[in-house]
Amino acid sequence: SWYFWGAFGVGKTGLAIGYARLWVEQTMGEETLLYRSVPGLLSELRSSYGKDAGCSESQLLERYAKADLLVLDELGMEQDSGSGWLQDRLYQIIGERHAQEKPTVFTSNLSIAQIGKKLGERVAWRIVEMCGKEHVIHVQGKNLRDL
């Protein structure tokens with residue numbers, strides 16, 4: 001697993017997608033890859049509560065938890081009402097992936113310490129344990145979008 005963090009526009013998502021592409025090539029596309037921004041994932045979970053929802057929250061949580069490789073883009077950018085719902089849902093996905101030793105690629109504008117404050121220490125330490133300190137990468141440089 002990898003955790004790429006740094007300022008906006010420095011190439012974190014590009015690194016995550018590059019890793020995912022290499023992974024697909026190595027597995028010859030025989031394993032499942034899911035890419036989702038965390039705000040989008042949470043919107044998808046919220047929409048599962050409606051009577052016209054295509055699938056249940058538990059089905060969505062399982063899909064993200066069980067994917068062979070999951071790319072979670074923009075971790076920490078989601079809005080939090082302070083209810084604990086956000087932390088619980090992310091912990092369900094990340095905790096299960098941690099337990100099953102499934103690779104996950106995270107991108108964030110926040111350091112691990114900042115993620116711990118925003119999403120809770122349980123989530124932050126699962127990420128560190130999944131990635132190892134050598135795969136927590138502070139991506140620095142100019143904003144590539146300004147070129």
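All values below come from the heavy atoms of this structure, side chains included, with hydrogens, waters and symmetry mates left out.
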Heavy-atom side-chain contact between Glu44 and Arg63 under 4.5 Å: yes
From OG (Ser108) to CD1 (Ile127), nearest 0.5 Å: 8.0 Å
Side-chain (His135) to main-chain (Ser1) donor-acceptor, under 3.5 angstrom: yes
Pairs flagged by salt bridge (charged side-chain N to carboxylate O under 4.0 Å, His left out) wherever residues 108-121 is involved - sequence neighbours left out: none
CA sep, side-chain torsions, deciding dist, call: Glu96, Lys102, salt bridge (charged side-chain N to carboxylate O under 4.0 Å, His left out): CA-CA 9 Å; Glu96 180 65 22; Lys102 295 217 174 252; over 6 Å; no
Worked check of side chain to side chain contact (heavy atoms under 4.5 Å, CB included) between Leu75 and Leu119: CA-CA 9 Å; Leu75 183 66; Leu119 301 177; 3.7 Å; yes
Full working for side chain to side chain contact (heavy atoms under 4.5 Å, CB included) between Asp68 and Thr27: CA-CA 10 Å; Asp68 294 310; Thr27 63; over 6 Å; no
Min side-chain heavy-atom separation Thr104-Ile94 under 4.5 Å: no
Test side chain to side chain contact (heavy atoms under 4.5 Å, CB included) applied to Leu72 and Leu41, step by step: CA-CA 9 Å; Leu72 289 176; Leu41 182 152; 3.8 Å; yes
Residue pair Gln87, Asp80: steps toward the side chain to side chain donor-acceptor pair (under 3.5 Å) verdict: CA-CA 9 Å; Gln87 292 83 356; Asp80 184 10; 2.9 Å; yes
Derivation and outcome, side chain to side chain donor-acceptor pair (under 3.5 Å), residues Tyr64 and Arg97: CA-CA 9 Å; Tyr64 287 108; Arg97 296 188 66 74; over 6 Å; no
Leu42 and Trp85: CA distance, side-chain angles, deciding distance, side chain to side chain contact (heavy atoms under 4.5 Å, CB included) verdict: CA-CA 10 Å; Leu42 296 170; Trp85 180 88; 3.9 Å; yes
Connected hydrophobic set around Trp2, excluding itself, where side chains approach under 4.5 Å: Phe4, Val10, Leu15, Ile17, Tyr19, Trp23, Val24, Leu33, Tyr35, Leu69, Val71, Val105, Ile137, Val139
Pair Arg46-Glu57, salt bridge (charged side-chain N to carboxylate O under 4.0 Å, His left out): steps then yes or no: CA-CA 8 Å; Arg46 286 183 192 103; Glu57 179 189 58; over 6 Å; no
Side-chain touch Leu86/Gln79, heavy atoms, less than 4.5 angstrom: no
Approximate separation, where rounding is to 0.5 Å, of Glu74 CD and Leu110 CG: 11.0 Å
Partners passing side-chain contact (heavy atoms from CB on, under 4.5 Å) against Gln59 (at least two apart in sequence or in another chain): Cys55, Ser56
Under 3.5 Å donor-acceptor, Arg36 side chain and Asp73 backbone: no
Donor-acceptor contact below 3.5 Å, side chain Glu30 vs main chain Met28: no
